[in-house]
Asks: 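Got a structure for you, questions after.
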Amino acid sequence: MKKVMVLMLVAVCLSVFVSPASAAYKDEYKLDIVPSLSTGWGMGAQYFADLVKERSEGKINIKVYPNSQLTTGKQTNAFMLLRNGTIDFACQSTINYSPQIPELNLFALPFFIAGQPDRYKALDAITNGKAGKLVAKAIEDKGGKFLCFGENGFRELTNAKKEIHSPEDLQGLKMRVVGSPLFLDTFKALGSNPIAMPWSDTMSALQQGVIDGQENPINIIYPNKVYDYNKYITNWHYMGDPTMFVVNPKVWESFTPEDQELILKAAKDAAAYQIALARVGIDENDGGKNLEYLKSIGKAPEITNWNAELERVGMVVTNLTPEETQKFVELTKTLVDSWRKTIGEELVKAAEEDMAAVK
Ligand code: X2X
(Lines give C-alpha, C1' and ligand atoms only; values in the text may rest on other atoms or scores of the structure.)
Protein backbone atom coordinates (compact mmCIF):
# COMPACT_ATOMS: atom_id res chain seq x y z
CA MET A 1 0.00 0.00 0.00
CA LYS A 2 2.78 2.36 1.03
CA LYS A 3 4.67 1.53 -2.19
CA VAL A 4 1.60 2.33 -4.27
CA MET A 5 1.18 5.65 -2.50
CA VAL A 6 4.83 6.54 -3.14
CA LEU A 7 4.51 5.58 -6.80
CA MET A 8 1.38 7.68 -7.15
CA LEU A 9 3.14 10.63 -5.57
CA VAL A 10 6.09 10.24 -7.95
CA ALA A 11 3.67 10.09 -10.87
CA VAL A 12 1.97 13.29 -9.77
CA CYS A 13 5.31 15.07 -9.36
CA LEU A 14 6.49 13.88 -12.76
CA SER A 15 3.32 15.04 -14.45
CA VAL A 16 4.01 18.54 -13.14
CA PHE A 17 7.53 18.56 -14.56
CA VAL A 18 6.87 16.72 -17.79
CA SER A 19 3.82 18.76 -18.77
CA PRO A 20 4.09 20.38 -22.21
CA ALA A 21 6.80 23.00 -22.30
CA SER A 22 4.33 25.59 -23.52
CA ALA A 23 2.58 25.46 -20.16
CA ALA A 24 5.80 26.73 -18.61
CA TYR A 25 6.17 29.63 -21.03
CA LYS A 26 6.33 33.07 -19.46
CA ASP A 27 3.51 35.55 -19.97
CA GLU A 28 6.07 38.03 -21.22
CA TYR A 29 9.67 37.82 -22.42
CA LYS A 30 11.65 41.01 -21.98
CA LEU A 31 13.75 42.20 -24.92
CA ASP A 32 16.44 44.83 -24.37
CA ILE A 33 17.40 47.57 -26.82
CA VAL A 34 19.27 50.85 -26.28
CA PRO A 35 17.56 53.39 -28.55
CA SER A 36 13.92 54.30 -29.13
CA LEU A 37 11.42 52.31 -31.17
CA SER A 38 11.56 54.95 -33.92
CA THR A 39 15.13 53.98 -34.90
CA GLY A 40 15.96 51.28 -37.46
CA TRP A 41 17.31 49.23 -34.57
CA GLY A 42 14.06 49.62 -32.67
CA MET A 43 11.88 48.90 -35.70
CA GLY A 44 13.82 45.70 -36.40
CA ALA A 45 13.48 44.54 -32.80
CA GLN A 46 9.74 45.29 -32.77
CA TYR A 47 9.29 43.42 -36.06
CA PHE A 48 10.95 40.39 -34.45
CA ALA A 49 8.54 40.52 -31.49
CA ASP A 50 5.57 40.93 -33.85
CA LEU A 51 6.62 38.02 -36.07
CA VAL A 52 7.11 35.69 -33.10
CA LYS A 53 3.74 36.59 -31.64
CA GLU A 54 1.93 36.20 -34.94
CA ARG A 55 3.63 32.94 -35.93
CA SER A 56 3.20 31.38 -32.49
CA GLU A 57 -0.45 32.46 -32.50
CA GLY A 58 0.04 34.54 -29.38
CA LYS A 59 1.79 31.84 -27.38
CA ILE A 60 5.16 33.62 -27.25
CA ASN A 61 4.88 37.22 -26.22
CA ILE A 62 8.10 39.25 -26.47
CA LYS A 63 7.96 42.85 -25.27
CA VAL A 64 10.57 45.29 -26.52
CA TYR A 65 11.88 47.61 -23.80
CA PRO A 66 13.49 50.60 -25.54
CA ASN A 67 15.74 53.35 -24.16
CA SER A 68 17.88 51.01 -22.02
CA GLN A 69 15.00 50.60 -19.56
CA LEU A 70 16.06 47.08 -18.59
CA THR A 71 19.64 48.15 -17.84
CA THR A 72 18.49 51.37 -16.12
CA GLY A 73 20.61 53.30 -18.59
CA LYS A 74 23.76 51.22 -18.06
CA GLN A 75 23.95 49.84 -21.57
CA THR A 76 27.41 48.30 -21.13
CA ASN A 77 26.00 46.04 -18.36
CA ALA A 78 23.48 44.58 -20.77
CA PHE A 79 25.24 41.27 -21.37
CA MET A 80 25.51 40.52 -17.64
CA LEU A 81 21.79 41.06 -17.26
CA LEU A 82 21.03 38.78 -20.21
CA ARG A 83 23.27 36.13 -18.72
CA ASN A 84 21.69 36.27 -15.27
CA GLY A 85 18.16 36.13 -16.70
CA THR A 86 17.00 39.67 -15.88
CA ILE A 87 16.79 40.09 -19.65
CA ASP A 88 15.32 37.23 -21.73
CA PHE A 89 15.99 38.43 -25.27
CA ALA A 90 18.09 41.20 -26.73
CA CYS A 91 18.85 42.91 -29.95
CA GLN A 92 22.09 44.53 -28.92
CA SER A 93 25.03 46.29 -30.49
CA THR A 94 28.36 44.49 -30.40
CA ILE A 95 29.74 47.68 -28.80
CA ASN A 96 27.66 47.29 -25.64
CA TYR A 97 28.68 43.66 -25.09
CA SER A 98 32.35 44.26 -25.88
CA PRO A 99 33.42 45.09 -22.29
CA GLN A 100 32.51 41.47 -21.37
CA ILE A 101 33.29 39.84 -24.75
CA PRO A 102 36.53 41.39 -26.09
CA GLU A 103 36.17 39.62 -29.46
CA LEU A 104 33.28 41.96 -30.28
CA ASN A 105 35.70 44.89 -30.54
CA LEU A 106 36.49 43.50 -33.98
CA PHE A 107 33.73 45.57 -35.56
CA ALA A 108 34.88 48.77 -33.83
CA LEU A 109 38.47 48.66 -35.09
CA PRO A 110 38.66 52.05 -36.79
CA PHE A 111 38.62 51.85 -40.61
CA PHE A 112 39.10 48.08 -40.54
CA ILE A 113 35.90 47.45 -42.50
CA ALA A 114 35.49 50.96 -43.92
CA GLY A 115 38.89 50.63 -45.60
CA GLN A 116 37.57 47.91 -47.92
CA PRO A 117 36.40 48.72 -51.48
CA ASP A 118 32.75 47.99 -50.55
CA ARG A 119 32.17 48.32 -46.80
CA TYR A 120 28.78 46.58 -46.87
CA LYS A 121 30.09 43.59 -48.78
CA ALA A 122 33.01 43.45 -46.35
CA LEU A 123 30.74 43.55 -43.30
CA ASP A 124 28.51 40.82 -44.76
CA ALA A 125 31.58 38.74 -45.52
CA ILE A 126 32.53 38.88 -41.84
CA THR A 127 29.09 38.26 -40.34
CA ASN A 128 28.38 35.41 -42.79
CA GLY A 129 31.91 34.06 -42.77
CA LYS A 130 34.49 32.33 -40.60
CA ALA A 131 34.86 35.41 -38.40
CA GLY A 132 31.11 35.57 -37.75
CA LYS A 133 31.16 31.95 -36.54
CA LEU A 134 34.02 32.74 -34.16
CA VAL A 135 32.14 35.77 -32.84
CA ALA A 136 28.99 33.66 -32.28
CA LYS A 137 31.10 31.09 -30.44
CA ALA A 138 32.64 33.79 -28.23
CA ILE A 139 29.14 34.91 -27.22
CA GLU A 140 27.98 31.34 -26.54
CA ASP A 141 31.13 30.56 -24.52
CA LYS A 142 30.34 33.54 -22.29
CA GLY A 143 26.72 32.50 -21.75
CA GLY A 144 24.43 33.93 -24.42
CA LYS A 145 22.51 31.97 -27.08
CA PHE A 146 23.31 33.70 -30.39
CA LEU A 147 20.62 33.77 -33.09
CA CYS A 148 21.85 36.08 -35.86
CA PHE A 149 23.33 39.44 -36.78
CA GLY A 150 21.23 42.49 -37.61
CA GLU A 151 22.48 46.02 -38.13
CA ASN A 152 22.60 49.40 -36.45
CA GLY A 153 24.71 50.83 -39.26
CA PHE A 154 28.05 52.39 -40.09
CA ARG A 155 28.76 55.13 -37.58
CA GLU A 156 29.16 58.76 -38.64
CA LEU A 157 30.38 61.83 -36.82
CA THR A 158 28.30 64.87 -35.81
CA ASN A 159 29.22 68.05 -33.98
CA ALA A 160 28.04 71.57 -33.22
CA LYS A 161 31.21 73.49 -34.11
CA LYS A 162 32.52 72.92 -37.61
CA GLU A 163 32.92 70.76 -40.67
CA ILE A 164 35.33 67.90 -39.94
CA HIS A 165 37.61 67.08 -42.86
CA SER A 166 40.74 66.10 -40.95
CA PRO A 167 41.95 65.07 -37.50
CA GLU A 168 43.08 68.70 -36.99
CA ASP A 169 39.44 69.75 -37.16
CA LEU A 170 38.66 67.36 -34.30
CA GLN A 171 41.30 68.79 -31.94
CA GLY A 172 39.89 69.44 -28.49
CA LEU A 173 36.25 68.77 -29.44
CA LYS A 174 34.31 67.11 -26.63
CA MET A 175 32.97 63.95 -28.23
CA ARG A 176 30.50 61.61 -26.56
CA VAL A 177 31.42 57.95 -27.02
CA VAL A 178 30.02 54.68 -25.65
CA GLY A 179 31.70 53.55 -22.41
CA SER A 180 33.91 51.03 -24.16
CA PRO A 181 37.73 51.45 -23.98
CA LEU A 182 38.41 51.13 -27.72
CA PHE A 183 36.25 54.21 -28.36
CA LEU A 184 38.16 56.27 -25.82
CA ASP A 185 41.45 55.12 -27.39
CA THR A 186 40.26 55.97 -30.91
CA PHE A 187 38.98 59.43 -30.12
CA LYS A 188 42.08 60.27 -28.06
CA ALA A 189 44.34 59.12 -30.89
CA LEU A 190 42.45 61.49 -33.20
CA GLY A 191 43.10 64.43 -30.88
CA SER A 192 39.57 64.98 -29.59
CA ASN A 193 38.46 64.97 -25.99
CA PRO A 194 36.26 61.85 -25.65
CA ILE A 195 33.69 61.56 -22.88
CA ALA A 196 32.15 58.13 -22.18
CA MET A 197 28.43 58.43 -21.61
CA PRO A 198 25.33 56.23 -21.96
CA TRP A 199 23.15 56.96 -24.95
CA SER A 200 20.26 57.79 -22.61
CA ASP A 201 22.18 60.87 -21.35
CA THR A 202 23.52 61.97 -24.71
CA MET A 203 20.70 64.07 -26.12
CA SER A 204 20.46 66.24 -23.00
CA ALA A 205 24.27 66.57 -22.90
CA LEU A 206 24.16 67.81 -26.51
CA GLN A 207 21.36 70.21 -25.66
CA GLN A 208 23.23 71.63 -22.66
CA GLY A 209 26.49 71.88 -24.57
CA VAL A 210 28.28 69.52 -22.15
CA ILE A 211 29.52 67.78 -25.30
CA ASP A 212 30.19 69.16 -28.78
CA GLY A 213 29.43 66.04 -30.74
CA GLN A 214 28.87 62.31 -30.92
CA GLU A 215 29.08 59.38 -33.35
CA ASN A 216 26.22 57.09 -34.39
CA PRO A 217 24.59 55.69 -37.53
CA ILE A 218 22.23 57.99 -39.46
CA ASN A 219 19.44 55.62 -38.39
CA ILE A 220 19.97 56.80 -34.79
CA ILE A 221 20.98 60.40 -35.55
CA TYR A 222 17.90 61.30 -37.58
CA PRO A 223 15.00 59.92 -35.50
CA ASN A 224 16.57 61.46 -32.37
CA LYS A 225 16.86 64.84 -34.08
CA VAL A 226 20.55 65.16 -33.27
CA TYR A 227 20.45 67.89 -35.96
CA ASP A 228 18.68 70.18 -33.49
CA TYR A 229 22.03 70.57 -31.68
CA ASN A 230 24.66 69.31 -34.16
CA LYS A 231 24.73 71.08 -37.51
CA TYR A 232 27.65 69.15 -38.97
CA ILE A 233 27.86 65.53 -40.05
CA THR A 234 30.92 63.84 -41.49
CA ASN A 235 30.32 60.57 -43.29
CA TRP A 236 33.48 58.66 -42.48
CA HIS A 237 31.88 55.21 -41.92
CA TYR A 238 34.81 54.45 -39.59
CA MET A 239 33.21 51.35 -38.05
CA GLY A 240 30.41 48.94 -38.89
CA ASP A 241 27.96 48.35 -36.05
CA PRO A 242 26.01 45.11 -36.37
CA THR A 243 23.36 44.19 -33.83
CA MET A 244 23.02 40.68 -32.46
CA PHE A 245 19.76 38.87 -31.71
CA VAL A 246 20.49 36.85 -28.56
CA VAL A 247 18.60 34.89 -25.90
CA ASN A 248 19.32 33.81 -22.35
CA PRO A 249 20.31 30.10 -22.73
CA LYS A 250 17.88 28.82 -20.05
CA VAL A 251 15.03 30.68 -21.71
CA TRP A 252 16.10 29.23 -25.05
CA GLU A 253 16.11 25.68 -23.65
CA SER A 254 12.62 26.17 -22.25
CA PHE A 255 11.19 26.39 -25.79
CA THR A 256 10.14 23.30 -27.77
CA PRO A 257 12.33 22.55 -30.82
CA GLU A 258 9.48 23.76 -33.07
CA ASP A 259 9.27 27.06 -31.23
CA GLN A 260 13.05 27.44 -31.29
CA GLU A 261 12.89 27.10 -35.06
CA LEU A 262 10.06 29.61 -35.26
CA ILE A 263 12.02 32.11 -33.13
CA LEU A 264 15.24 31.67 -35.10
CA LYS A 265 13.40 32.17 -38.40
CA ALA A 266 11.67 35.29 -37.06
CA ALA A 267 15.03 36.68 -35.87
CA LYS A 268 16.52 36.13 -39.33
CA ASP A 269 13.55 37.80 -41.03
CA ALA A 270 13.66 40.74 -38.62
CA ALA A 271 17.43 41.03 -39.08
CA ALA A 272 17.01 41.19 -42.88
CA TYR A 273 14.53 44.03 -42.37
CA GLN A 274 16.82 45.84 -39.90
CA ILE A 275 19.81 45.48 -42.24
CA ALA A 276 17.84 46.86 -45.22
CA LEU A 277 16.67 49.81 -43.08
CA ALA A 278 20.26 50.52 -42.04
CA ARG A 279 21.36 50.65 -45.68
CA VAL A 280 18.53 52.02 -47.81
CA GLY A 281 19.39 55.47 -49.13
CA ILE A 282 22.85 55.24 -47.55
CA ASP A 283 24.66 52.43 -49.37
CA GLU A 284 25.59 54.14 -52.61
CA ASN A 285 26.42 50.82 -54.31
CA ASP A 286 23.33 48.77 -53.49
CA GLY A 287 21.78 49.12 -56.96
CA GLY A 288 18.37 49.68 -55.36
CA LYS A 289 18.17 46.21 -53.83
CA ASN A 290 17.47 47.40 -50.26
CA LEU A 291 14.54 49.50 -51.40
CA GLU A 292 13.22 46.62 -53.52
CA TYR A 293 13.44 44.28 -50.56
CA LEU A 294 11.64 46.68 -48.22
CA LYS A 295 8.91 47.15 -50.82
CA SER A 296 8.58 43.39 -51.18
CA ILE A 297 7.76 43.01 -47.48
CA GLY A 298 5.38 45.98 -47.58
CA LYS A 299 7.69 48.26 -45.62
CA ALA A 300 8.90 50.85 -48.12
CA PRO A 301 10.58 53.69 -46.21
CA GLU A 302 9.65 57.37 -46.58
CA ILE A 303 13.24 58.50 -46.96
CA THR A 304 15.35 57.04 -49.72
CA ASN A 305 18.17 59.59 -49.92
CA TRP A 306 19.64 60.32 -46.52
CA ASN A 307 22.22 62.93 -47.44
CA ALA A 308 19.50 65.02 -49.11
CA GLU A 309 17.22 64.60 -46.10
CA LEU A 310 19.94 65.59 -43.62
CA GLU A 311 20.58 68.72 -45.68
CA ARG A 312 16.88 69.45 -45.79
CA VAL A 313 16.76 69.49 -41.98
CA GLY A 314 19.69 71.92 -41.93
CA MET A 315 22.79 69.77 -41.62
CA VAL A 316 26.03 70.39 -43.47
CA VAL A 317 26.98 66.99 -44.89
CA THR A 318 30.69 66.29 -45.37
CA ASN A 319 31.73 63.26 -47.40
CA LEU A 320 35.42 62.55 -46.97
CA THR A 321 37.68 62.00 -49.96
CA PRO A 322 39.95 58.91 -49.80
CA GLU A 323 42.92 61.22 -49.13
CA GLU A 324 41.11 62.85 -46.21
CA THR A 325 40.12 59.47 -44.78
CA GLN A 326 43.73 58.33 -44.99
CA LYS A 327 44.79 60.91 -42.38
CA PHE A 328 42.37 59.42 -39.85
CA VAL A 329 43.58 55.92 -40.73
CA GLU A 330 47.20 56.84 -40.11
CA LEU A 331 46.53 58.25 -36.66
CA THR A 332 44.68 55.11 -35.56
CA LYS A 333 47.05 52.50 -37.03
CA THR A 334 49.03 51.88 -33.83
CA LEU A 335 45.96 51.34 -31.72
CA VAL A 336 44.51 48.93 -34.28
CA ASP A 337 47.70 46.88 -33.99
CA SER A 338 47.54 46.78 -30.20
CA TRP A 339 43.80 45.97 -30.13
CA ARG A 340 44.30 43.02 -32.49
CA LYS A 341 45.80 41.15 -29.54
CA THR A 342 42.88 41.92 -27.23
CA ILE A 343 40.41 40.79 -29.88
CA GLY A 344 42.47 37.72 -30.79
CA GLU A 345 44.80 37.28 -33.76
CA GLU A 346 42.87 34.25 -35.06
CA LEU A 347 39.61 36.19 -35.24
CA VAL A 348 41.12 39.30 -36.82
CA LYS A 349 42.89 37.15 -39.43
CA ALA A 350 39.67 35.25 -40.17
CA ALA A 351 37.91 38.58 -40.72
CA GLU A 352 40.67 39.78 -43.04
CA GLU A 353 40.38 36.58 -45.04
CA ASP A 354 36.60 36.82 -45.18
CA MET A 355 36.86 40.38 -46.50
CA ALA A 356 39.62 39.55 -48.97
CA ALA A 357 37.46 36.79 -50.48
CA VAL A 358 34.81 39.30 -51.62
CA LYS A 359 37.11 42.04 -52.92
O1 X2X B 1 25.08 54.29 -27.48
C2 X2X B 1 25.08 54.35 -28.70
O3 X2X B 1 25.74 55.18 -29.32
C4 X2X B 1 24.25 53.35 -29.49
C5 X2X B 1 22.79 53.67 -29.30
O6 X2X B 1 24.56 53.41 -30.84
C7 X2X B 1 24.61 52.01 -28.95
O8 X2X B 1 23.94 51.46 -28.12
C9 X2X B 1 25.87 51.38 -29.41
Side-chain angles (χ1 to χ4, degrees), residues 40-41 44 93-95 97-98 101-139 146 148-157 182-183 186 215-220 234-245 268 271-272 274-291 293 306-307 319-330 332-333 335-337 339-340 342-359:
W41 180 346
S93 163
T94 51
I95 304 170
Y97 283 2
S98 65
I101 311 171
E103 288 86 345
L104 297 178
N105 286 293
L106 174 74
F107 300 99
L109 280 176
F111 303 101
F112 181 69
I113 301 171
Q116 298 295 312
D118 183 328
R119 64 187 185 280
Y120 289 100
K121 256 195 188 169
L123 178 58
D124 288 343
I126 292 178
T127 53
N128 298 322
K130 283 183 292 191
K133 287 205 180 71
L134 290 172
V135 168
K137 184 176 180 306
I139 296 165
F146 177 84
C148 64
F149 287 107
E151 196 157 305
N152 186 20
F154 280 87
R155 298 176 75 92
E156 318 296 7
L157 196 64
L182 175 50
F183 285 78
T186 302
E215 51 76 57
N216 249 301
I218 290 171
N219 242 326
I220 297 272
T234 295
N235 291 325
W236 65 345
H237 328 305
Y238 83 122
M239 66 151 293
D241 182 5
T243 61
M244 306 160 298
F245 288 78
K268 287 184 175 165
Q274 199 179 49
I275 290 169
L277 277 182
R279 299 180 182 193
V280 69
I282 297 176
D283 177 0
E284 57 281 5
N285 299 315
D286 78 351
K289 75 168 186 232
N290 289 303
L291 184 57
Y293 171 73
W306 277 104
N307 280 345
N319 294 302
L320 295 183
T321 64
E323 294 72 34
E324 286 174 335
T325 305
Q326 196 48 36
K327 292 200 183 135
F328 291 96
V329 174
E330 270 152 29
T332 49
K333 253 187 190 147
L335 81 95
V336 169
D337 287 341
W339 273 87
R340 285 179 79 105
T342 312
I343 294 163
E345 240 346 285
E346 188 199 355
L347 173 57
V348 181
K349 279 217 181 94
E352 284 170 336
E353 285 165 18
D354 287 339
M355 293 193 293
V358 296
K359 254 189 188 170

Asks: Kindly say whether Glu151 contributes a backbone atom to a donor-acceptor pair with the side chain of Gln274 at under 3.5 angstrom?
Replies: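 Yes; at least one donor-acceptor contact below 3.5 Å.
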Asks: Report the distance from atom CG of Asn219 to atom CD of Glu156, rounding to the nearest 0.5 Å.
Replies: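 CD of Glu156 is found 11.0 Å from CG of Asn219.
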Asks: How far does OG1 of Thr342 sit from CD of Glu103, to the nearest 0.5 angstrom?
Replies: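 Output value for this atom pair is 10.5 Å.
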Asks: Can you find a pair of side-chain heavy atoms, one from Leu182 and one from Leu335, that are under 4.5 Å apart?
Replies: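 The answer is yes, as the side chains (C-beta and beyond) meet within the 4.5 Å cut-off.
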Asks: Tell me whether the NZ or CZ atom of Arg279 lies within the 45° cone about the ring axis of Tyr120 and under 6.0 Å from its centre.
Replies: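 Judged by the rule (NZ or CZ under 6.0 Å from the ring centre, within 45° of its axis), Arg279 is not positioned above Tyr120.
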Asks: Between atom CG of Asn235 and atom CG of Asn319, what is the distance when rounded to the nearest 0.5 Å?
Replies: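 Here the interatomic distance stands at 4.5 Å.
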Asks: Below 4.5 Å, heavy atoms only, C-beta onward: do Trp236 and Phe328 meet side chain to side chain?
Replies: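 Answer yes - side chains close enough.
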Asks: Is there side-chain contact between Leu104 and Met244, with heavy atoms separated by less than 4.5 Å?
Replies: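 Yes; the side chains approach each other to less than 4.5 Å.
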Asks: Could you state the interatomic distance from CG (Asp283) to CG (Leu123), rounded to the nearest 0.5 Å?
Replies: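 Asp283 atom CG to Leu123 atom CG measures 10.5 Å (nearest 0.5 Å).
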Asks: Output the distance between atom CD1 (Ile275) and atom CG (Asp124), rounded to the nearest 0.5 Å.
Replies: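 Here the interatomic distance stands at 6.5 Å.
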Asks: Considering non-hydrogen atoms only, spot the tightest contact between Ala125 and Val358 and give its length.
Replies: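 Looking at all heavy atoms of both residues, the shortest contact is CB-CG2, 3.7 Å.
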Asks: Between Asp354 and Lys130, is there a donor-acceptor pair closer than 3.5 Å when you use the side chain of the first and the backbone of the second?
Replies: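 Yes, because the side chain of Asp354 sits within donor-acceptor range (under 3.5 Å) of the backbone of Lys130.
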Asks: If you measure from CG on Leu157 to CG on Leu320, what distance do you get to the nearest 0.5 Å?
Replies: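 Between Leu157 CG and Leu320 CG, I get 9.0 Å after rounding to 0.5 Å.
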Asks: For Gly153 versus Ala278, what's the shortest heavy-atom pair and its separation?
Replies: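 Heavy atoms only, the tightest pair is CA-CB, 4.3 Å.
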Asks: Output yes when Arg119 and Glu284 qualify as a salt bridge under the 4.0 Å nitrogen-oxygen rule, no when they do not.
Replies: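 Judged by the 4.0 Å cut-off on N to carboxylate O distance, Arg119 and Glu284 do form a salt bridge.
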Asks: Does any part of the side chain of Val135, heavy atoms only, come nearer than 4.5 Å to the side chain of Thr94, both counted from C-beta?
Replies: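 The answer is no; the side chains never approach within 4.5 Å.
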Asks: Answer yes or no: is there a side-chain heavy-atom contact under 4.5 Å between Phe107 and Thr127?
Replies: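 A side-chain contact exists here, since the closest heavy-atom pair is under 4.5 Å.
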Asks: Check Pro110 against Thr186 and note the closest heavy-atom contact, atom names and distance.
Replies: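 Result for this residue pair: CG-OG1, 3.8 Å.
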Asks: So Ile126 and Leu106, side chain to side chain contact (heavy atoms under 4.5 Å, CB included) or not? Walk me through it.
Replies: CA-CA 10 Å; Ile126 292 178; Leu106 174 74; 4.1 Å; yes
Asks: Are Glu352 and Phe112 close enough, and set up right, to give a side chain to side chain contact (heavy atoms under 4.5 Å, CB included), and what steps lead you there?
Replies: CA-CA 9 Å; Glu352 284 170 336; Phe112 181 69; 3.7 Å; yes
Asks: Could you tell me which non-hydrogen atom of Pro242 sits nearest to which non-hydrogen atom of Gly240, and how far apart they are?
Replies: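 For Pro242 and Gly240, the tightest heavy-atom pair comes out as CD-O, 3.4 Å.
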Asks: So, for Leu347 and Ala131, which heavy atoms are closest and what is the spacing to 0.1 Å?
Replies: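 Scanning both residues, the minimum pair turns out to be CD1-O, 3.5 Å.
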Asks: Tell me, with the steps shown, if Asn152 and Asn216 meet side chain to side chain contact (heavy atoms under 4.5 Å, CB included).
Replies: CA-CA 9 Å; Asn152 186 20; Asn216 249 301; 4.2 Å; yes
Asks: Under a 4.5 Å cut-off applied to non-hydrogen side-chain atoms, are Ile113 and Phe154 in contact?
Replies: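 They are in contact (side-chain heavy atoms under 4.5 Å apart), so the answer is yes.
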Asks: Any heavy-atom pair between the side chains of Phe183 and Ile95 that's under 4.5 Å?
Replies: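 Side chain of Ile95 against side chain of Phe183, heavy atoms only: contact under 4.5 Å found.
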